[in-house]
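The first residue of the sequence shown is numbered 1, and numbering continues consecutively from there. Any value given below was found using the heavy atoms of this structure, including those in side chains, with hydrogens, waters and symmetry copies removed. Since this is a predicted model, take the numbers as computed values, not measurements.
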Amino acid sequence: MATKTQEGAEAGTEAQGDETVVDATTEREAARADAVEEETRAERESAAEEEQEPAAGAGQPEPGKEKTPSGVGQGAGAVVSAALGFVSLSGGWIGTVAGAREQLVGQLRTSSTAGVATQIKAVYGNAWHTTALWAGLFALAALLTGVVVLARPAFGTPGRPQAPWIKSVAWAGVVLGVVGLLLAVLKYSDALLALPSAS
């Protein structure tokens with residue numbers, strides 16, 4: 001009888017042990033499932049945030065990556081300066097047309113009975129001075145444009161050097177502008193290629 005009681009007690013103890021093991025296993029699996037679910041939820045939230053960030057910050061530079069100028073404007077300004085300097089030396093279409101117009105005006109306003117010196121001055125002298133004036137304006141524009149291009153890096157992004165070809169072309173425009181301005185002043189003042197004497 002005592003043996004049966006002991007066997008029953010042992011069986012009850014074993015049953016309780018099995019139930020405890022089953023409960024512990026179930027709790028572990030439930031905890032594992034909760035952890036996996038939390039990780040999955042966290043990954044989804046972080047993915048959603050990453051998708052929203054580019055849309056919210058579109059068009060804005062990233063921190064530490066400032067937009068640097070490409071130098072296209074400076075290059076264009078240098079080329080314009082050199083072209084204006086060349087036009088100031090060659091006369092240009094506007095100077096030629098203005099000179100021809102002044103010559104026509106001189107012919108219309110001068111009578112045929114006027115003296116030779118007056119006719120030369122009215123027909124050729126005024127046209128020559130008008131051409132020199134327009135050449136001087138082009139030379140001054142070339143000089144100012146070249147100086148602005150050369151001085152631009154001082155007011156731009158610090159530490160960003162100007163491209164060598166931009167400097168070269170801008171300096172060419174400045175030199176052509178100075179030479180053109182000097183020649184225009186000499187022509188306008190009759191120090192260079194003065195009108196012929198009527199005597």
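Contact record, Ala132 with Ala184: O-CB, 3.4 Å, taken as the closest heavy-atom pair. Across all their heavy atoms, Gly85 and Ala142 have their closest contact at N-CB, 3.2 Å. Smallest separation of non-hydrogen atoms from Gln103 and Tyr124: NE2-CE2, 3.4 Å. Of all non-hydrogen atoms in Ala78 and Val169, the two that sit nearest each other are O-CG1, 3.2 Å. Contact record, Gly180 with Ala139: C-CB, 3.5 Å, taken as the closest heavy-atom pair.
Screening Leu176, Leu183, Leu181 against Val179 for a side-chain contact (heavy atoms from CB on, under 4.5 Å) leaves a single residue, Leu183. Paired with Trp171 under the rule side-chain contact (heavy atoms from CB on, under 4.5 Å), one option of Ile166, Leu150, Val149 passes, and it is Leu150.
Once rounded to the nearest 0.5 Å, the distance linking CD of Gln74 with CH2 of Trp165 reads 9.5 Å. Interatomic distance, Glu102 CD to Leu133 CG, rounded to the nearest 0.5 Å: 10.0 Å. Interatomic distance, Thr96 OG1 to Arg101 CZ, rounded to the nearest 0.5 Å: 15.0 Å. Between Ser81 atom OG and Leu143 atom CG the span is 7.5 Å, to the nearest 0.5 Å. Residue Trp134 holds its CH2 atom at 10.0 Å from CH2 of Trp93, rounded to the nearest 0.5 Å. Here CD1 of Ile94 is found 4.0 Å from CZ of Phe138. Values are rounded to the nearest 0.5 Å.
Residues Val80 and Val148 fall into different hydrophobic clusters, defined by Ile, Leu, Val, Met, Phe, Trp and Tyr side chains chained together at heavy-atom separations under 4.5 Å. Criterion: ILVMFWY side-chain heavy atoms under 4.5 Å apart, direct or through other members. Under it, Phe86 and Val97 are not part of a common hydrophobic cluster. Leu137 and Leu182 end up in different hydrophobic clusters when Ile, Leu, Val, Met, Phe, Trp and Tyr side chains are linked at under 4.5 Å. No single ILVMFWY cluster, assembled from side-chain heavy atoms under 4.5 Å apart, contains both Trp128 and Leu104.
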